[in-house]
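Right, one structure below, let's go through it.
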Number of protein chains: 2
Amino acid sequence: MSGQDRGLDTDERIYRTIFDGIMQQRLTPGTKLPEIALCELFSVSRSVVRRVLQRLAHDHVVDLRPNRGATIATPSAQETREIFEARRAIEAAIVRLATRNATADDFLALRRQLEDEHEAMHRFEQPAWARLASAFHLRIAKLARNPILEAYLKEIASRCSLIVALYEPWGNASCEHAEHEEIVACMEAGDAEGAARLMEAHLQALENNISLRPSDPQKTLKQRLGL
Amino acid sequence: MSGQDRGLDTDERIYRTIFDGIMQQRLTPGTKLPEIALCELFSVSRSVVRRVLQRLAHDHVVDLRPNRGATIATPSAQETREIFEARRAIEAAIVRLATRNATADDFLALRRQLEDEHEAMHRFEQPAWARLASAFHLRIAKLARNPILEAYLKEIASRCSLIVALYEPWGNASCEHAEHEEIVACMEAGDAEGAARLMEAHLQALENNISLRPSDPQKTLKQRLGL
DNA sequence: ATATGCCAGATTGTTTACAATCCAGCGTGC
DNA sequence: GCACGCTGGATTGTAAACAATCTGGCATAT
């Protein structure tokens, strides 16, 4: 037992490691993921590596082309537009449902998280802030009480993060905290349509903030996986 | 060459055969899909069968449980509710986009398809009608010009079909033709919100039409795959 | 000098063999 | 008679061997 067995099964462990590596910008778009290298890093055979890669491919965070292996996905400008448009549509719908279904307790927890976010922002803790800001969106998705839409948002939000990683290497493009507060206020007031419109505007602002320009490479795969 | 090679690669052929088998209610929910049986039926090794099964699992049309193989998915009543809710949300968003982006030619093609549908209905050609009615929804998704939302609708619509297969063995629950026409009329008039509301009502009617009661089993796997 | 063709190493795709797990049927003991 | 546990066949999970394909460098010809 080599100390990395924490109750997650093997597949999940490998998936998460690679996925997190992408989300934290250690694995940048275009990076190649050779099967044998992953086999050695995770001490498994190619069957399981291939299965995980296929799953990552289905989630659109890696490209899987026949006979030439897996690479971290590199969304084009066109795709970027489509992804953000789809996200606005889905997340607006989610906000409407969440406004209908959230309880008083839900709003309490939501406000508490907003304060954490606020604090992290004022302390200039960029990584923590980004993480919390992203969690805000996923938390609202939970309040909608629809696991299917929640899964769709998770998938599409990860693709957005990939895009931000591609086009904003230093991580400037984060959520505006004030806008989060306005959205929650609208929701608490029971104004579903208003909250949906605010959310769409919020995501539109996020999209407008990313400027289309790639980033830089080079480091060992092991380092970039955080191992 | 045994006459089933039509330019599709092997994976796609197997995927389609199983998927179509499910959509046409030859493979009913709960049916087990043993790997070896599929290997022999399609003359491939277990690797490719396993890959295809994983893809079907990701699309939520089959359940894949560790150490106990693949079975056709059997959505619960709860899931049914969630799936239809998600579909209303996504398809309403799609209709709004489609109303904005459709050209005059698009509407022409749409109307032509509506006539085919109308005709098939009046001739009591239930299978053709059901196929056309389903195609109507996918065609609108194309008009939205967003491949991501289109893919989501495809996935969720197939889950709806599975539910209908589960709870309406004789296939009564189909789309009302008149409602399709109203939706198109609204779209042509440029009334995105109206069209969205009509679409939601249309899908709600579809959901209300399905009564929750399972169906019957037994026949060989080969027959049920149409081979 | 550039372009073309070819060969060797590397990488992926497929098949097969082996190990682990599950499940149904049977027997034993209470 | 019923519950429990065992055992053998069947089925899935994993790993390793083999085949096919791609990539990059070198030689050759124009």
Side-chain angles (χ1 to χ4, degrees), chain A residues 1-2 4-18 27 29-74 217-218 220-222 224-225, chain B residues 1-2 4-5 7-18 27 30-74 217-218 220-222 224-225:
Chain A
M1 207 162 296
S2 52
Q4 34 188 328
D5 177 0
R6 285 193 197 78
L8 291 168
D9 59 276
T10 308
D11 276 38
E12 200 60 23
R13 191 184 92 235
I14 302 175
Y15 179 92
R16 292 284 275 261
T17 305
I18 299 178
L27 289 170
T31 306
K32 202 161 183 330
L33 298 174
E35 296 180 0
I36 299 181
L38 296 174
C39 290
E40 291 168 356
L41 287 171
F42 294 105
S43 310
V44 293
S45 75
R46 284 178 52 214
S47 336
V48 12
V49 166
R50 281 168 76 75
R51 186 172 47 238
V52 171
L53 287 177
Q54 206 190 314
R55 202 172 132 209
L56 288 162
H58 198 125
D59 294 344
H60 296 98
V61 293
V62 318
D63 270 352
L64 211 49
R65 291 179 351 187
N67 282 314
R68 54 192 63 173
T71 56
I72 309 294
T74 58
Q218 257 27 28
T220 93
L221 181 56
K222 183 170 178 180
R224 300 211 260 174
L225 282 168
Chain B
M1 207 158 297
S2 52
Q4 32 188 330
D5 175 2
L8 292 167
D9 60 89
T10 308
D11 277 37
E12 199 61 23
R13 191 184 92 233
I14 301 175
Y15 179 91
R16 292 285 274 260
T17 305
I18 298 177
L27 289 171
T31 305
K32 201 161 184 330
L33 297 174
E35 297 179 357
I36 299 180
L38 297 173
C39 290
E40 291 168 356
L41 287 171
F42 294 106
S43 310
V44 292
S45 74
R46 282 177 54 213
S47 345
V48 15
V49 165
R50 281 169 74 75
R51 188 170 47 235
V52 171
L53 286 177
Q54 207 190 316
R55 204 173 130 206
L56 288 162
H58 197 124
D59 293 345
H60 296 98
V61 294
V62 317
D63 271 351
L64 211 49
R65 289 177 355 186
N67 283 315
R68 55 193 61 173
T71 56
I72 310 294
T74 58
Q218 259 23 32
T220 93
L221 181 56
K222 183 170 178 181
R224 300 212 260 173
L225 283 168

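Convention: sequence-line order gives letters A, B, ...; per-chain numbering from 1.
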Rounded distance (Å) that lies between atom [atom2] of [N] and atom [atom1] of [X]:
X     : N      : atom1 : atom2 : result
B:N67 : C:dT21 : CG    : P     : 7 Å
B:I36 : D:dT11 : CD1   : C1'   : 6 Å
B:R50 : D:dT14 : CZ    : C1'   : 9 Å
A:R68 : C:dT11 : CZ    : C1'   : 12 Å
A:Q54 : C:dT14 : CD    : P     : 11 Å
A:R46 : D:dA19 : CZ    : P     : 15 Å
A:D63 : C:dT12 : CG    : P     : 14 Å
A:D9  : C:dT21 : CG    : P     : 14 Å

Hey, which sits more toward the 5' end of DNA chain D by its nearest nucleotide, A:V48 or B:G69?
->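 The residue whose closest nucleotide sits nearer the 5' end is B:G69.
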Which sits closer to the 5' end of DNA chain D, A:S47 or B:E35, going by the nucleotide each is nearest to?
-> B:E35
Nearest-0.5 Å distance that lies between atom [atom1] in [X] and atom [atom2] in [Y]:
X     : Y     : atom1 : atom2 : value
A:R68 : A:K32 : CZ    : NZ    : 10.0 Å
B:L53 : B:R46 : CG    : CZ    : 10.5 Å
B:H58 : B:L64 : NE2   : CG    : 12.5 Å
B:I72 : B:L56 : CD1   : CG    : 8.0 Å

Given C:dC23, is OP1 or OP2 found less than 4.0 Å from the side-chain N or O atoms of B:K32?
->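 Checking B:K32 against C:dC23: no side-chain N or O falls below 4.0 Å of OP1 or OP2.
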According to a strict under-4.0 Å criterion, is A:R65 in side-chain N/O contact with OP1 or OP2 of C:dT12?
->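 The answer is no; no side-chain N or O of A:R65 sits under 4.0 Å from OP1 or OP2.
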